[in-house]
Amino acid sequence: MKTGEARKPGILQLRGVRKVFARGTIDEVKALDGIDLVVYERDFITIIGSNGAGKSTLLNIVAGVYPPERGGRVVIGGVNVTNLKEYKRAAYVGRVWQQPEAGTARNLSIEENLSLALLRGQSRGLKLAINRQRRQLFREALAVLGLGLEDRLNTPVGTLSGGQRQALALVMATISRPTILLLDEHIATLDPKTAQTVLQLSDMIIEREKMTAIMVTHNMEIALSYGNRLIMMHKGRIIVDIGEKDKKTLSVADLVTAFGRAAGEQFNDDSILLSDS
Amino acid sequence: MDVGSLLSVSLYEGLVFGLLTIGVYLTFRVLAFPDLGVDGTFPLGGAIAAVLIVAGANPFLATLAAFGSGLGAGLITGLLNTKLRISALLSGILMMVALYSVNLRIMGGGNVPLLRDVTSFDLVAQILGVRGGMALSIAFVLLVVAIFVTGLNWFLRTEIGLSLRATGDNEQMVRGLGASTDRNVLIGCAISNGLVALAGALVAQNQGFSDVGMGIGMIVMGLAAVIIGEGVFRPRRITTILLACLGGTFLYRLFINVALRLGMAPGDLKLITAILVVVVLAIPFIRKKIRGEWMPPAARM
């Protein structure tokens with residue numbers, strides 16, 4: 001089940017990516033065990049897998065939080081970024097974390113946060129960070145959310161609710177149009193209703209801005225109903241990679257069967273099946 | 001001392017030590033980098049200014065040079081942390097200890113008197129053709145503070161300044177957005193210590209001598225002033241935060257001066273200050289304790 005035959009070269013390519021933590025100790029973990037992945041322009045991939053499958057490690061490798069083991073390659077937009085430090089590849093990668101606090105600076109105002117995000121990957125100078133033109137841009141970007149944040153530009157982010165902060169983090173991750181958007185279980189800590197809202201906002205922004213995105217989730221329903229491609233990970237490997245056509249006809253039960261076949265073991269992680277976020 | 005002189009002395013001290021408070025604010029609050037090097041950079045500024053003035057340098061330039069020496073010292077503290085990965089706390093302590101020896105070397109002893117030399121305060125009086133005094137000291141220090149605070153207020157609202165302010169808030173996010181947090185720490189530490197050294201240079205000139213021991217307890221005073229400023233004025237935007245640092249220092253000095261006037265021994269002041277800081281820092285804990293709320297275990301770093 002491979003997608004992408006006869007399409008243009010991938011916008012993100014991972015080749016032979018492995019990651020080992022605590023090497024040489026009894027705690028040694030092969031977090032990633034040989035990942036080959038090509039992500040094409042405008043792909044919206046949902047990644048699913050149990051705890052410890054390597055989902056977050058994969059995103060961290062793409063974002064450059066740490067490099068892969070020797071021999072692995074990460075190419076974004078045709079540029080080999082394998083050993084590029086996180087802050088130097090920021091222009092390519094926008095990210096929303098699981099915790100709303102992680103993507104925003106609480107002591108700064110909404111407009112100050114957005115101004116930081118607007119300059120993602122650009123050199124920062126001695127120009128005032130906020131001017132009338134930028135403020136206008138921020139208002140427009142926030143208005144899309146429909147949460148009224150555009151009228152609260154001076155509000156410190158620390159006083160916003162989790163959902164509002166995550167929606168803001170989403171705008172911050174996309175406002176400078178990075179090459180790829182990473183959503184790292186970004187709705188997992190929100191209450192179900194807010195999670196739904198933020199999820200729909202994510203989908204809308206990805207569609208509207210014609211972004212390429214990878215979304216990690218614990219929830220099979222969500223993994224199936226969003227995006228054009230579904231990847232399932234297990235023990236540091238990609239065991240299922242389903243394209244748009246197959247994905248539409250698939251049910252959660254099919255997915256469990258597919259997992260069992262590919263992983264060669266009984267699927268028994270209740271946290272995936274029962275999780276409702 | 002009547003009420004008028006009590007207020008004017010406190011005003012003068014509030015302004016000059018306010019520079020130090022802003023420096024402490026920059027590291028402790030903005031960068032979340034508890035830099036204890038302040039106790040060494042304050043006398044460093046005094047030493048540089050005093051030695052240069054005695055050697056015949058223009059006192060204004062000597063004061064600027066003191067600011068520059070603080071920038072350099074802060075840069076080293078920042079480098080210890082960012083390049084050698086020494087903890088922020090230890091980096092500052094190492095600098096404080098090292099600077100003690102450096103300051104003795106610079107001054108060639110523990111003390112440099114300035115009584116016969118023309119200081120910045122004397123020079124301003126000469127230029128204006130007036131006699132020196134408290135009013136003139138306040139006016140001159142106010143001018144210096146206005147220049148530096150205006151500059152800092154502008155800088156902290158620039159693109160670089162904003163990413164610096166976000167660094168202590170959410171370092172991971174700042175890196176994720178493509179700014180070097182290491183560079184921000186270096187800039188922040190440099191400016192912080194520059195301001196502290198500037199305060200040291202002004203204090204030495206005004207009191208007529210530089211002394212190797214004049215920095216003892218400065219970090220605690222700076223912290224006390226930051227906490228008072230935040231608590232009393234509850235500032236939110238960066239401009240008001242800087243002004244609250246000055247206001248907090250004024251209130252702190254007023255408190256100290258009143259205590260002195262009530263017969264407190266000068267030697268006890270540092271103890272009083274330390275107790276003040278302990279009490280203020282412990283208030284949230286005590287409040288929770290009374291309400292019987294759960295408290296997380298004590299943090300070590």
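Naming convention: chains lettered A, B, ... in sequence-line order (proteins, then strands); numbering from 1 in each chain.
- With a 4.5 Å cut-off on non-hydrogen atoms, A:Arg95 does not touch chain B at all.
- Remark: A:Gln133 CD is loosely packed, at most 12 non-hydrogen atoms of other residues, nucleotides or ligands lying under 6.0 Å away.
- Between the NZ atom in A:Lys85 and the OG atom in B:Ser180 there is a gap of 7.5 Å [rounded to 0.5 Å].
- Here the side chains of B:Phe155 and A:Leu126 are in contact, with some heavy-atom distance below 4.5 Å.
- Counting only heavy atoms from C-beta outward, the side chains of B:Leu162 and A:Leu108 approach each other to under 4.5 Å.
- Both the backbone and the side chain of A:Lys127 have a heavy atom closer than 4.5 Å to some heavy atom of chain B.
- Looking at heavy atoms from C-beta onward, B:Arg157 lies out of side-chain contact with A:Glu112 at the 4.5 angstrom threshold.
- Here the side chain of B:Asn170 pairs a donor or acceptor atom with the backbone of A:Ala102 at under 3.5 angstrom.
- Within the 4.5 Å cutoff, the side chain of B:Trp154 has heavy atoms near those of the A:Leu128 side chain.
- Counting heavy-atom neighbours within 6.0 Å of A:Arg106 CZ, excluding the residue itself, gives a total of 12 or less.
- Annotation: A:Tyr92, atom OH; neighbour count of heavy atoms from other residues, nucleotides and ligands within 6.0 Å does not exceed 12.
- Comparing A:Ala90, A:Pro178, A:Ala169 by heavy-atom pairs within less than 4.5 Å of chain B, the highest count is held by A:Ala90.
- Annotation: side chain of B:Thr158 is not in contact with side chain of A:Arg124 (no heavy-atom distance under 4.5 Å).
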Start with the C-alpha gap between A:Asn154 and B:Arg236, add the side-chain angles, then the distance that decides, and say whether side chain to side chain contact (heavy atoms under 4.5 Å, CB included) holds.
CA-CA 10 Å; A:Asn154 280 318; B:Arg236 284 241 296 252; over 6 Å; no
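- For A:Ala91, no part lies under 4.5 angstrom from a heavy atom of chain B.
- Taken to the nearest 0.5 Å, the CD atom of A:Glu101 stands 11.5 Å off from the CG atom of B:Asp169.
- Separation of atoms CH2 (A:Trp97) and CD (B:Gln172) is listed at 5.0 Å; rounding is to 0.5 Å.
- Shown here is A:Arg134, whose CZ atom has more than 12 heavy atoms of other residues, nucleotides or ligands within 6.0 Å.
- No part of A:Ser176 comes within reach of chain B, as not one of its non-hydrogen atoms sits under 4.5 angstrom from that chain.
- In terms of modelled atom types and a separation under 3.5 Å, the side chain of B:Arg165 and the main chain of A:Asn107 share no donor-acceptor contact.
- When the side chain to side chain contact (heavy atoms under 4.5 Å, CB included) test is applied to B:Ile286, the partners found at least two apart in sequence or on another chain are B:Ala282, B:Ile290.
- The OH atom of A:Tyr87 sits 14.0 Å away from atom CG of B:Leu177, with the distance rounded to the nearest 0.5 Å.
- Between the side chains of B:Glu159 and A:Gln122, no donor-acceptor pair is found at a separation under 3.5 Å.
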